[in-house]
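These figures come from a predicted structure and were not determined experimentally.
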Amino acid sequence: MPFGTIWGLVWPQMMMLLCSIVVNLTDIWAAGRISSDVQAAVGLSFQIQVLLMVFGWALGAGGMAAVSQSMGAGHVMRARNYVGLVISSCVVVAVLLALLTGAFRGSVLALLQTPDSLMPVTEYMVGVMLVGLPCFYVMQVGGTLFRAARQVIAPLIVAVAACLLNVFGDLCFGLGWLGFPAFGMAGVAWSTFGANALAAALTLFFLKRGGLIVRHALPPLRWLKIGAPYLFRVAIPACGNSLLWHLGYLVMYGITASLPEGVDALAGLTAGNRIESLLYMPANAFMVTASILVGNALGAGDKASAKRIGLVLFVISGVSMSSVAACMWPFIPDLADFFSSESAVRTQIVNYLFYNVLVVPFTVSGMVLHGVMNGAGATVYPLVVNTASIWLIRLPFGWGLSRLVFHDACGVYMAMFLSMAIQTSAMVWVFFRKDWARFSLNAHLSQSKHKEKA
């Protein structure tokens, strides 16, 4: 695979992720300038949004495998059918989730052991987030479908537009810059909603313009009987993986919130997670590129090339991002000072980054292998490995180390380090020892034909 092809897919995705990181960091920074309560509420709201997105990401994973492999096989109409099916499904799912979660919003926050002092502000932030959830679904899933078809410039334009609007809203209507009225947390929340709404509208426009959706979005019933089963065969394990992973993260937030310094630890974990995301910008780009290229190769029937692409991206991402992490290491205290004005929160940010920057070589390499499995449609392997990692290692060790050994959030951070190292080691074994190519769309269609003949 020529390096120019890889780079042509990677750099626009890096810019998209940079826009996403800028949005998240600006939200956290602006919230921190309002109060630590608002900053912690933004973190909790974001985690609930991530949990609700698991169904969208699952549909996106199925769409990535189906569309990239269809494009690799030269079946453009099949790819369009999958795009229409995925977009239609994600809108329906998002609306239902928003209504259901809104009806039980208080109970959800109580289940997460949200401190009483955070309840009013967190309920407000979650309410605004739910209003914009369908837009967020379209933006996120639509971006995945663009990339699956190797159309990476259109989603970059969408990301830049949404980023500019969100940052403008946070600074001007959240903090009152440039003479605008300062609405505080309301300004931050509704700025995010406006950015997501703009992104959703632009996504649909560019999908239509790029020829990925046609006038009748849903494919014909006859096609659905053959094509839909593969989408859900990939999406259901991906949904289970995302759901169990992010439920685990919410439990981890609950463990952190229940500690004596819970509010400061939550604020530090939230800010540290956003700072850490700077390291994963290229890694995420390599992960998605692995999904695209592996899917194309398997669609063309070239299993050897698919494995070679995965290995090359595994090595490149691990070496490059470890180097970046080493450069970031001396500046961890300075980053903590920038993202919080409270000393207790700054201490938590430094502790979080110490463990999570240290484990970067495992994390980024594991992300690429996850992308390989998504492109191949073998989402059952990440389901098993990631679920075992977080529920059998991270959470038990996080609770034990934070309660019995360190007596603070450092135990949670150390458990994150241990679980990620073991998780990536397991994915390396899967990559080299399992026949993950058997989950491809070609294999599925071949099995369907044999069943019809039988």
Side-chain angles (χ1 to χ4, degrees), residues 53-73 75 78-90 92-94 137 140-150 212 218-219 223-246 284 287-301 303 306-307 309-310 366-387 427 430-431 434-449 451:
M53 270 302 300
V54 298
F55 301 98
W57 286 323
L59 287 167
M64 170 62 77
V67 173
S68 64
Q69 291 181 46
S70 296
M71 287 296 193
H75 297 299
R78 183 202 293 167
R80 288 173 177 165
N81 286 337
Y82 274 117
V83 169
L85 176 59
V86 171
I87 288 292
S88 301
S89 300
C90 81
V92 173
V93 169
Y137 253 68
Q140 292 287 321
V141 177
T144 299
L145 296 172
F146 275 125
R147 294 190 285 271
R150 293 202 186 190
L212 291 179
L218 276 175
W223 182 91
L224 285 173
K225 291 180 180 179
I226 300 174
Y230 182 75
L231 176 68
F232 295 109
R233 174 183 170 183
V234 176
I236 289 173
C239 180
N241 175 37
S242 295
L243 183 62
L244 292 170
W245 178 263
H246 292 298
N284 270 288
M287 178 184 74
V288 177
T289 300
S291 295
I292 297 168
L293 297 179
V294 167
N296 287 168
L298 291 177
K303 295 182 181 180
K307 191 164 189 176
I309 289 168
M367 289 169 64
V368 168
L369 294 182
H370 192 136
V372 169
M373 299 303 150
N374 282 349
T379 49
V380 66
Y381 291 126
L383 167 63
V384 174
V385 172
N386 295 351
T387 301
M427 285 302 297
V430 168
F431 178 78
K434 292 294 183 178
D435 181 20
W436 39 268
R438 65 189 174 90
F439 291 89
S440 68
L441 179 56
N442 284 343
H444 167 77
L445 294 176
S446 177
Q447 291 172 3
S448 299
K449 289 178 181 178
K451 289 180 180 178

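Atom CE of M53 and atom SG of C90 lie 8.0 Å apart (nearest 0.5 Å). In this structure, Y230 OH and R78 CZ are separated by 10.0 Å, a value rounded to the nearest 0.5 Å. Here the NZ atom belonging to K303 is positioned 9.5 Å from the CG atom belonging to N442, to the nearest 0.5 angstrom. Between the CD1 atom in I292 and the OG atom in S68 there is a gap of 7.5 Å [rounded to 0.5 Å]. Rounding to the nearest 0.5 angstrom, the gap separating the CE atom in M287 from the OG1 atom in T289 is 9.5 Å. Note that NE2 of H75 is 8.5 Å distant from CG of L441, once rounded to the nearest 0.5 Å.
Y381 pairs by the ring pair (Phe, Tyr, Trp, His ring centres under 6.0 Å) definition with F439, not counting sequence neighbours. The ring pair (Phe, Tyr, Trp, His ring centres under 6.0 Å) search around Y82 returns W223, not counting sequence neighbours. Partners of F55 according to the ring pair (Phe, Tyr, Trp, His ring centres under 6.0 Å) rule, which considers only residues two or more places apart in sequence or in another chain, do not exist here. Residues passing the side-chain contact (heavy atoms from CB on, under 4.5 Å) test with A79 are V67, S70, M71, sequence neighbours excluded. Listed by chain and number, the residues in a side-chain hydrogen bond (donor to acceptor under 3.5 Å, both in side chains) with N296 are R150 (sequence neighbours excluded).
Among all heavy-atom pairs drawn from A376 and V294, the shortest one is N-CG1, 4.2 Å. The heavy-atom pair separating L145 from L212 by the smallest distance is O-CD1, 4.3 Å. Here the closest heavy-atom approach between residue N374 and residue A65 is recorded as O-CB, 3.3 Å. Shortest non-hydrogen contact noted between G84 and S88 is O-OG, 2.9 Å.
Side chain of Q69 to main chain of L298: no donor-acceptor pair is present (N/O by atom type, distance under 3.5 Å, no hydrogens or angles).
Here the rule is side chain to side chain contact (heavy atoms under 4.5 Å, CB included) with Y137, and of I87, V93, V92 only V93 fits it.
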* Could you give me the CA-CA distance, side-chain angles and deciding distance for T379 and M373, then say whether side chain to side chain contact (heavy atoms under 4.5 Å, CB included) is met? => CA-CA 6 Å; T379 49; M373 299 303 150; 6.0 Å; no
* To do: May I have the step-by-step check of side chain to side chain contact (heavy atoms under 4.5 Å, CB included) for V385 and H370, ending in yes or no?
  => CA-CA 10 Å; V385 172; H370 192 136; over 6 Å; no
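Using a 4.5 Å cut-off on side-chain heavy atoms (C-beta onward), M427 and V372 make no contact.
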Result block: side-chain N/O donor-acceptor pairs under 3.5 angstrom for residues 234-245, not counting sequence neighbours:
unit_1 : atom_1 : unit_2 : atom_2 : d
N241   : OD1    : N386   : ND2    : 3.3
S242   : OG     : A238   : O      : 3.2

